[in-house]
Amino acid sequence: MPTKQKDDEPTTPTTRTCATDRVHERLLRECPGYAERRALSEDQAWRADRTGGAAGRTGCTTIPVVVHVVHRTNAENISDAQVTSQIEILTADFRKQNADVSTVPGAFADLSGDARVTFELASTDPDGNPTDGITRTRTSVNGFTDDDAVKSAGSGGADAWPADQFLNVWVCRLAGGLLGYAQFPGGPAATDGVVITHTSCGNTGTAAPPFNLGRTATHEVGHWLNLRHIWGDDGTGCNGTDFVDDTPNQGGANVGKPAFPHVSCDNGPNGDLFMNYMDYVDDDTMVMFTNGQVARMQATLDGMRSSIGTSGPCDGGGTIKFVDDPIVTLKFNDDPGSLKFRDDPSTLKFRDDPGSLKFRDDPSTLKFSDDPGTLKFRDDPITLKFRDDPGSLKFSDDPGTLKFRDDPVKHPVLDKPPPQDVVKPPVADLPIPGPGPVVQPAPFVLSTGHHSRAWEGSYEGAYQQTIAHYQAQLQEYEHMLNDYAAAEQAGQLTEQERSEADQLYAEYEHLSAELAQLQEG
């Protein structure tokens with residue numbers, strides 16, 4: 001049941017808190033099939049990283065969002081403007097268009113990446129009806145927690161829209177100083193999405209410092225796209241990993257506004273990448289994703305979240321719509337002075353430049369007025385070609401294929417993993433011992449047979465990379481087992497930890513046997 005919260009209890013924490021890992025652990029215990037789906041998601045990310053394969057989606061992906069505003073008071077029933085500001089912030093942050101990305105220290109500037117993801121409020125609901133992408137639900141609950149009660153009408157919240165079509169965002173009052181949480185790919189559809197407290201939503205209305213720039217949603221949507229916390233969720237042990245190569249190892253979460261450089265885990269001279277969206281710093285301090293994190297998110301869009309969103313040009317220039325006057329005005333999204341019919345309904349031109357693109361003299365020709373050698377339809381109504389070059393792009397034989405007229409070869413598809421690369425069931429997650437109060441599960445064991453000859457033949461060097469992966473995993477397990485042994489010698493090993501150590505040793509033996517078989521074969 002949701003936790004009750006006193007009316008006078010502060011709702012804006014001073015330190016960032018995220019419950020995504022607690023939700024992850026709960027689903028591992030309670031949700032059949034979740035561990036297997038998580039292993040598959042991690043396996044897809046691992047393959048994309050190790051093979052260096054290009055993302056399957058070109059351009060930018062636009063994700064439709066539904067925001068469920070669940071409110072008890074009028075203040076919690078945030079305005080449309082506050083919701084819209086959050087969507088705009090998400091797009092700016094994921095497109096690396098946020099102004100404060102310029103504050104990234106020079107030592108890390110080359111790491112900053114454009115995730116090529118944009119967000120927009122849904123325009124059509126699951127039944128095909130027009131919508132503004134916002135639902136509003138009055139509740140008697142005074143403060144929700146990370147138990148997913150806000151995601152169900154039966155427990156005072158709002159039901160999710162289909163998670164394969166929409167990113168569900170719940171905005172409510174969260175109890176206990178919690179800012180938000182997300183569900184990693186692979187969880188139940190009925191609870192898939194992110195939750196944020198209303199005082200950290202957007203940059204207006206009830207948004208309150210130090211979390212008043214909309215970065216809580218940026219952080220949580222990062223989790224939704226399979227990003228881990230940057231320090232690897234091992235407390236302060238310096239042994240965790242976020243599975244991203246270009247994020248420096250760091251000793252636990254950073255909070256507030258650290259000064260650069262902030263060194264931990266022997267990661268000098270540049271120290272922690274604390275300005276990353278997946279750390280715990282204040283909103284005005286987190287300003288970037290890395291290129292490695294971008295690759296991991298794109299692998300998720302090609303994998304577990306392949307059904308959501310639509311791809312298109314990143315510059316927005318490919319979207320033309322009717323605005324104000326559906327008959328005579330054509331414009332690009334954000335520029336009201338773009339292409340329009342004016343004075344002459346048979347002429348397409350830029351408003352301020354009468355010599356631009358238009359139909360003139362030849363109604364079948366789209367050309368620049370002073371340059372006759374431009375794109376036109378000629379002779380073949382399904383052919384786009386340059387006037388003096390007959391070997392241009394056309395739709396031919398296959399209406400869904402763009403190819404050169406004299407070259408029947410289509411764009412090559414990305415190599416697929418061979419059918420024998422089937423994901424094996426993962427072992428149970430075990431806690432990583434180490435200093436600090438936080439105890440989190442070990443990383444997933446990726447035991448897919450990447451050493452198959454078909455895989456090796458498709459990707460040069462995959463065999464050597466797989467050997468290195470196994471060796472690194474075994475070395476990490478050895479460190480963990482040594483920690484258990486040290487605790488046992490000191491008389492500090494509990495019965496639960498002893499059982500966990502036994503399970504870990506069994507997996508260590510299993511992985512060792514796989515490595516031996518791989519090296520023999």
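Just so it is clear, the values below take in all heavy atoms, side chains as well, and ignore hydrogens, waters and symmetry mates.
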Task: Flag side-chain contact, heavy atom, 4.5 Å: Leu225 against Leu301 - done: yes

Open item on the list: I need the Thr91 OG1 to Gln97 CD distance, nearest 0.5 Å.
Closed with: 8.0 Å

Open item on the list: Do Val23 and Thr20 make a side-chain contact, defined as non-hydrogen atoms from C-beta onward lying under 4.5 Å apart?
Closed with: no

Open item on the list: Measuring from atom OH of Tyr484 to atom CD of Glu500, what distance do you get when rounded to the nearest 0.5 angstrom?
Closed with: 4.5 Å

- [ ] In plain terms, say whether Asp233 and Arg228 are close enough for a salt bridge, that is, a side-chain N and a carboxylate O under 4.0 Å apart.
- [x] no

Task: Tyr181-His223 aromatic ring centre distance below 6.0 Å - done: no

Task: Working for salt bridge (Lys or Arg N to Asp or Glu O under 4.0 Å), residues Arg296 and Asp245 - done: CA-CA 10 Å; Arg296 185 172 169 87; Asp245 291 339; over 6 Å; no

Task: Ala207: side chain to side chain contact (heavy atoms under 4.5 Å, CB included) partners, not counting sequence neighbours - done: Gln82, Asn212

- [ ] Salt-bridge test for Arg136 and Asp80: reply yes if a basic N is under 4.0 Å from a carboxylate O, no otherwise.
- [x] yes

Open item on the list: Using 0.5 Å steps for rounding, measure from the CD1 atom of Ile134 to the CD1 atom of Ile78.
Closed with: 8.0 Å

Open item on the list: For Gln496, is there any backbone N or O sitting under 3.5 Å from a side-chain donor or acceptor partner on Ser499?
Closed with: no

Open item on the list: Using the rule given for salt bridge (Lys or Arg N to Asp or Glu O under 4.0 Å), can you reason through Asp147 versus Arg22, listing the C-alpha separation, both sets of side-chain angles and the distance that settles it, and then say yes or no?
Closed with: CA-CA 9 Å; Asp147 62 0; Arg22 292 203 300 268; over 6 Å; no

Task: Ionic contact status for Arg37 with Glu42, cut-off 4.0 Å - done: no

Open item on the list: ring-ring contact (aromatic ring centres under 6.0 Å, His included), that's the test. Do His219 and Tyr277 meet it? Break it down for me.
Closed with: CA-CA 5 Å; His219 177 100; Tyr277 291 126; 9.2 Å; no

TODO: Report the C-alpha separation of Trp224 and Asp192 in whole Å, then their side-chain angles, then the decisive distance to 0.1 Å, and conclude whether the side-chain contact (heavy atoms from CB on, under 4.5 Å) test is met.
DONE: CA-CA 8 Å; Trp224 181 80; Asp192 194 21; 3.6 Å; yes

Open item on the list: Within this structure, what is the CH2-CG distance for the pair Trp170 and Asp159, rounded to the nearest 0.5 Å?
Closed with: 9.0 Å

Open item on the list: Using side-chain heavy atoms (C-beta onward) and a distance below 4.5 Å, is Phe144 in contact with Val195?
Closed with: no

Task: Least distance between heavy atoms, Ser307 atom then Asp164 atom - done: OG-O, 3.0 Å

Open item on the list: Check Asp283 with Arg16, please: is the shortest side-chain N to carboxylate O separation under 4.0 Å?
Closed with: yes

- [ ] Quick one: which residue pairs count as a side chain to side chain donor-acceptor pair (under 3.5 Å) with a foot in residues 62-71, not counting sequence neighbours?
- [x] Thr62-Thr118, His68-Thr135, His68-Asn168

- [ ] Apply side-chain contact (heavy atoms from CB on, under 4.5 Å) to the pair Gln183 and Leu27, showing each step before the final yes or no.
- [x] CA-CA 9 Å; Gln183 184 170 291; Leu27 293 177; 3.9 Å; yes

TODO: Using the test side chain to side chain contact (heavy atoms under 4.5 Å, CB included), find all partners of Cys238 that sit at least two apart in sequence or belong to another chain.
DONE: Asn249, Cys265

Open item on the list: Quiz question: by atom type and distance under 3.5 Å, do the side chains of Asp242 and His229 form a donor-acceptor pair?
Closed with: no

TODO: For residues Pro269 and Pro261, determine if any side-chain heavy atom of one lies less than 4.5 Å from a side-chain heavy atom of the other.
DONE: no

- [ ] Evaluate the side-chain proximity of Leu213 to Asp284: yes if any heavy-atom separation is below 4.5 Å, no if none is.
- [x] yes

TODO: Assess the side chains of Asn203 and Glu88: does a donor N or O sit below 3.5 Å from an acceptor N or O?
DONE: no

Task: Lys/Arg N to Asp/Glu carboxylate O, Arg498 vs Asp502, below 4.0 Å - done: no

Open item on the list: Quick one, Cys314 and Arg116 - any side-chain contact, counting heavy atoms below 4.5 Å?
Closed with: yes

- [ ] Decide, yes or no, whether a salt bridge links Asp148 with Arg26 under the criterion of side-chain N to carboxylate O below 4.0 Å.
- [x] yes

- [ ] Quick one: pull up CD1 in Ile196 and CG in Leu178 and give me the separation to the nearest 0.5 Å.
- [x] 11.5 Å

Task: Close side-chain approach of Lys96 to Phe289, heavy-atom, < 4.5 Å - done: no

Open item on the list: Can you see whether Asp272 engages Asn254 through a side-chain donor-acceptor pair at a distance of less than 3.5 angstrom?
Closed with: yes

Task: Donor on one side chain, acceptor on other, Asp127 and Asn129, under 3.5 Å - done: no

- [ ] Indicate the atoms forming the closest heavy-atom contact of Met275 with Val104, along with that distance.
- [x] CG-CG2, 4.4 Å

Open item on the list: Between Tyr280 and Trp231, is the ring-ring contact (aromatic ring centres under 6.0 Å, His included) condition met? List the steps.
Closed with: CA-CA 10 Å; Tyr280 266 13; Trp231 65 94; 5.0 Å; yes

Task: Straight-line distance of Ile308 CD1 to Thr300 OG1, nearest 0.5 Å - done: 12.0 Å

Open item on the list: So Val67 and Val171, do their side chains get closer than 4.5 Å, heavy atoms only?
Closed with: yes

